[in-house]
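The block underneath contains the structure these notes are about, expressed in structure tokens.
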Amino acid sequence: QVQLVASGGGLVQAGGSLRVSCAASGLRFRSSAMGWFRQAPGKEREFVAAINWSGDSTSYTNSVKGRFTISRDNGKNTVDLQMSSLRPEDTAVYYCAASNRAYLSGSHKRELTYDYWGQGIQVTVSS
């Protein structure tokens with residue numbers, strides 16, 4: 001049974017930093033590309049960042065480039081999203097996702113690319 005458990009969310013002031021982590025179990029983590037998505041109130045879930053199996057290829061949505069960093073530790077089966085210079089518009093529930101594909105495909109920004117999802121974790125940025 002695949003489990004993706006997110007941790008580290010919370011409340012932070014605008015301009016601050018926060019790290020969310022996702023611990024994976026029950027899957028071949030080293031063969032899985034990983035992604036982070038988010039869903040703000042009243043909006044559809046959107047792609048935030050993704051990383052390939054080895055960590056040497058990453059992708060970000062434009063609005064977080066230069067502020068967020070995705071990384072992974074294949075020894076610990078974890079993927080992190082380090083968020084800096086946070087803005088109120090970053091407020092959302094953040095979801096960790098895992099793909100059965102190792103590499104970032106051309107559709108890596110689409111939800112359907114991912115086979116497993118975590119429960120989501122709230123990140124709130126106050127102004």
Side-chain angles (χ1 to χ4, degrees):
Q1 181 181 359
V2 176
Q3 285 192 313
L4 301 175
V5 180
S7 62
L11 174 65
V12 63
Q13 288 188 333
S17 299
L18 198 65
R19 176 186 291 259
V20 289
S21 297
C22 175
S25 61
L27 79 165
R28 297 178 63 182
F29 186 77
R30 299 183 185 203
S31 299
S32 298
M34 301 295 294
W36 283 98
F37 287 72
R38 66 186 179 186
Q39 187 168 21
K43 295 187 177 181
E44 293 186 351
R45 189 156 57 182
E46 65 173 356
F47 170 78
V48 177
I51 189 167
N52 73 337
W53 71 276
S54 64
D56 63 359
S57 179
T58 58
S59 173
Y60 300 91
T61 192
N62 285 340
S63 64
V64 308
K65 284 181 180 177
R67 300 189 299 121
F68 290 14
T69 302
I70 188 171
S71 62
R72 65 189 295 157
D73 185 333
N74 285 346
K76 297 181 179 179
N77 285 11
T78 57
V79 58
D80 291 349
L81 186 67
Q82 176 67 47
M83 302 179 287
S84 302
S85 302
L86 282 160
R87 306 166 180 168
E89 54 264 39
D90 294 318
T91 295
V93 176
Y94 283 71
Y95 295 90
C96 172
S99 171
N100 284 329
R101 302 179 183 182
Y103 295 93
L104 299 185
S105 67
S107 60
H108 70 271
K109 297 182 180 181
R110 301 177 62 186
E111 292 185 47
L112 289 177
T113 295
Y114 298 86
D115 302 282
Y116 309 103
W117 291 83
Q119 84 282 9
I121 192 162
Q122 179 70 45
V123 172
T124 302
V125 184
S126 63
S127 57

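We use all heavy atoms of the structure for the numbers below, so side chains are in, but hydrogens, waters and symmetry mates are not.
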> Which pairs count as salt bridge (charged side-chain N to carboxylate O under 4.0 Å, His left out) when at least one residue sits in residues 20-35, sequence neighbours excluded?
Replying inline: none

> Going by the disulfide bond (SG atoms under 2.5 Å apart) test, which pairs reach into residues 37-82, not counting sequence neighbours?
Replying inline: none

> Does any pair with a residue in residues 114-126 pass salt bridge (charged side-chain N to carboxylate O under 4.0 Å, His left out), and if so which ones, sequence neighbours excluded?
Replying inline: none

> Between Ala14 and Pro88, which heavy-atom pair has the shortest distance, and what is it?
Replying inline: CB-CD, 4.1 Å

> How would you list all residue pairs meeting disulfide bond (SG atoms under 2.5 Å apart) that involve residues 27-83, not counting sequence neighbours?
Replying inline: none

> Which atom pair, heavy atoms only, marks the closest approach of Arg101 to Ser107?
Replying inline: NH1-OG, 3.8 Å

>> List the residues meeting ring pair (Phe, Tyr, Trp, His ring centres under 6.0 Å) with Phe47, not counting sequence neighbours, and say none if there are none.
In response: Phe37, His108

> Judged by modelled atom types alone, do Ser7 and Ser21 share a side-chain donor-acceptor pair under 3.5 Å?
Replying inline: no

>> Is it the case that the side chain of Ser84 and the backbone of Ser17 share a donor-acceptor pair, with hydrogens and angles ignored and the cut-off at 3.5 Å?
In response: no

> Side chains of Thr113 and Ser105: does their closest heavy-atom pair fall under 4.5 Å?
Replying inline: yes

> Between the main-chain N or O of Ser63 and the side-chain N or O of Arg67, is there a donor-acceptor pair closer than 3.5 Å?
Replying inline: yes

>> I'd like to know if the side chain of Asp73 and the backbone of Thr78 have a donor-acceptor N/O pair within less than 3.5 Å.
In response: no

> Which residue pairs satisfy the salt bridge (charged side-chain N to carboxylate O under 4.0 Å, His left out) criterion with at least one member in residues 36-54, sequence neighbours excluded?
Replying inline: Arg38-Glu46, Arg38-Asp90, Arg45-Glu111

> Where do Tyr114 and Ala50 come nearest, in terms of heavy atoms and distance?
Replying inline: OH-CB, 3.6 Å

> Please, which pairs that meet disulfide bond (SG atoms under 2.5 Å apart) have at least one residue in residues 27-88, sequence neighbours excluded?
Replying inline: none

> Other hydrophobic cluster members with Tyr103, side-chain heavy atoms of Ile/Leu/Val/Met/Phe/Trp/Tyr under 4.5 Å, chained?
Replying inline: Trp53

> Listed by chain and number, what are the side chain to side chain contact (heavy atoms under 4.5 Å, CB included) partners of Gln122, not counting sequence neighbours?
Replying inline: Thr91, Val93, Thr124

> How far does OG of Ser127 sit from CD of Gln13, to the nearest 0.5 angstrom?
Replying inline: 9.5 Å

> Is Met34 isolated, or which residues cluster with it under the ILVMFWY side-chain rule of less than 4.5 Å, directly or via members?
Replying inline: Val2, Leu4, Val12, Leu18, Val20, Leu27, Phe29, Trp36, Val48, Ile51, Tyr60, Val64, Phe68, Ile70, Val79, Leu81, Met83, Leu86, Tyr94, Tyr116, Ile121, Val123, Val125

>> As an exercise, state the distance from CG of Asn77 to OG of Ser32, rounded to the nearest 0.5 Å.
In response: 9.0 Å

> Who passes salt bridge (Lys or Arg N to Asp or Glu O under 4.0 Å) against Arg19, sequence neighbours left out?
Replying inline: Asp80

> Does anything in residues 85-127 pair up under disulfide bond (SG atoms under 2.5 Å apart), and if so which pairs, sequence neighbours excluded?
Replying inline: Cys22-Cys96

